[in-house]
Amino acid sequence: MAVSPSRLDAAATGIHIGIHWEYLLPIGTVHLLALLAVLPSCFSWSGLVIAAAGPVVFGTLGINLCYHRLLAHRSLAVPTWLEHILAVLALCCLEDTPARWVANHRLHHRHSDEPEDPHSPRDGLAWSHFGWLFRRAPQRRSFAFFEQYARDVLADDFYRGLELRPTSTLWIYLAQVAAFGLAGLAAGFLAGRPPSEACQLAASWIVWGVFVRTVLVWHITWSVNSLTHVFGYRTYETGEDSRNNWFVAVVAMGEGWHNNHHHDAASASVQHRWWEIDATYYVILLLERLGLATDVIRPRHVRRAADGGVKP
Ligand SMILES: [Zn+2]
Ligand SMILES: [Zn+2]
């Protein structure tokens, strides 16, 4: 089993391994804040509904559609204003800036399950799920790295500005906390509730709508990095360990058909069989129908058929 150089460094340096506190602190803090959900005073049925819908809105549109299929693989194009709105939804998930996310993901595709892979389960399931985020790896958080793997992303002034102002991601996250709180307050007052109950509703919307949802989206995304390189079936021999995992496909709105994705990473769709439902692709098709998505790259077998079986 190949062990990545980063893990070898960690083992060699023992307790002196660099902890990436900039990730460990916010991820740990939000997990703790999400635990407030067990308090009855922080619960509301509307908050629960918002938490359940959150991964669909923020995870599917922000992470799957924007960060992954649009920015990382350029499988479609949308107007800049819409792309930036989708990117802000992704930023509300506190999952790295666009350039960082894209660069690490492209590195994963280039060296899947090889020593250079930033999050291969060959180095341990927990490592691939979240451990790799907490390991200080300055070479993967440098502008030189972003220039190598995400130059096209950095060409956008908005995305480049996020790298030049490192705290901007946190401010965007805190702004949504305020927005959810104010929306909860407004909903409470509009419903004619007394101030104390309106404040309680606002608290529930923050805890469930932001903190619980953030934790859900994190673990869903991380499951694509971890579970789908360990558990599931393989349709294609792709030279690494990627698998199609129905559970991850359900919770991640299609992203769990990961072996299909590694086989044809350029495609905007990961649905290769009729029952391998790819909900994210259906959203892309809807955007295309509305005239908001163009240059949607079809699955390889469709491209082959369109080109008379000549081009891959
Ligand atoms: Zn993969
Ligand atoms: Zn990918």
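Hydrogens, waters and symmetry mates are skipped; everything else that's a heavy atom, side chains included, is used. Read the numbers this way: they start at 1 and go in the same order the structure lists the ligands and their atoms. Nothing here was measured: the structure is a model prediction, and the numbers come from that model.
- The angle His73:NE2 - the Zn ion (ligand 2) - His68:NE2 amounts to 100°, with values rounded to 10 degrees.
- Under a 4.0 Å N-O distance rule, the pair Arg303/Asp264 qualifies as a salt bridge.
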Checklist entry - Where do Asn225 and Ser128 land on the side-chain hydrogen bond (donor to acceptor under 3.5 Å, both in side chains) test, with the steps shown first? => result CA-CA 6 Å; Asn225 294 340; Ser128 65; over 6 Å; no

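- Within the structure, side chain to side chain donor-acceptor pair (under 3.5 Å) pairs that include any residue of residues 172-187 comprise Tyr173-Thr214, Gln176-Arg213 (at least two apart or interchain).
- Between Asn260 and Glu276 the shortest heavy-atom distance is ND2-OE1, 2.8 Å.
- Counting only protein atoms, the N, O or S atoms lying less than 2.8 Å from the Zn ion (ligand 1) are His108 NE2, His229 NE2, His258 NE2, His262 NE2, ordered by chain and residue number.
- Residues meeting the side chain to side chain contact (heavy atoms under 4.5 Å, CB included) test with Arg100, sequence neighbours left out: Tyr23, Asp96, Thr97, Arg141, Phe146, Glu163.
- Pairs of residues two or more places apart, or lying in two chains, that qualify as ring pair (Phe, Tyr, Trp, His ring centres under 6.0 Å) and include a residue from residues 70-96 are His68-His73, His73-His105, His73-His109, His73-His261, His84-Phe158, His84-Tyr159.
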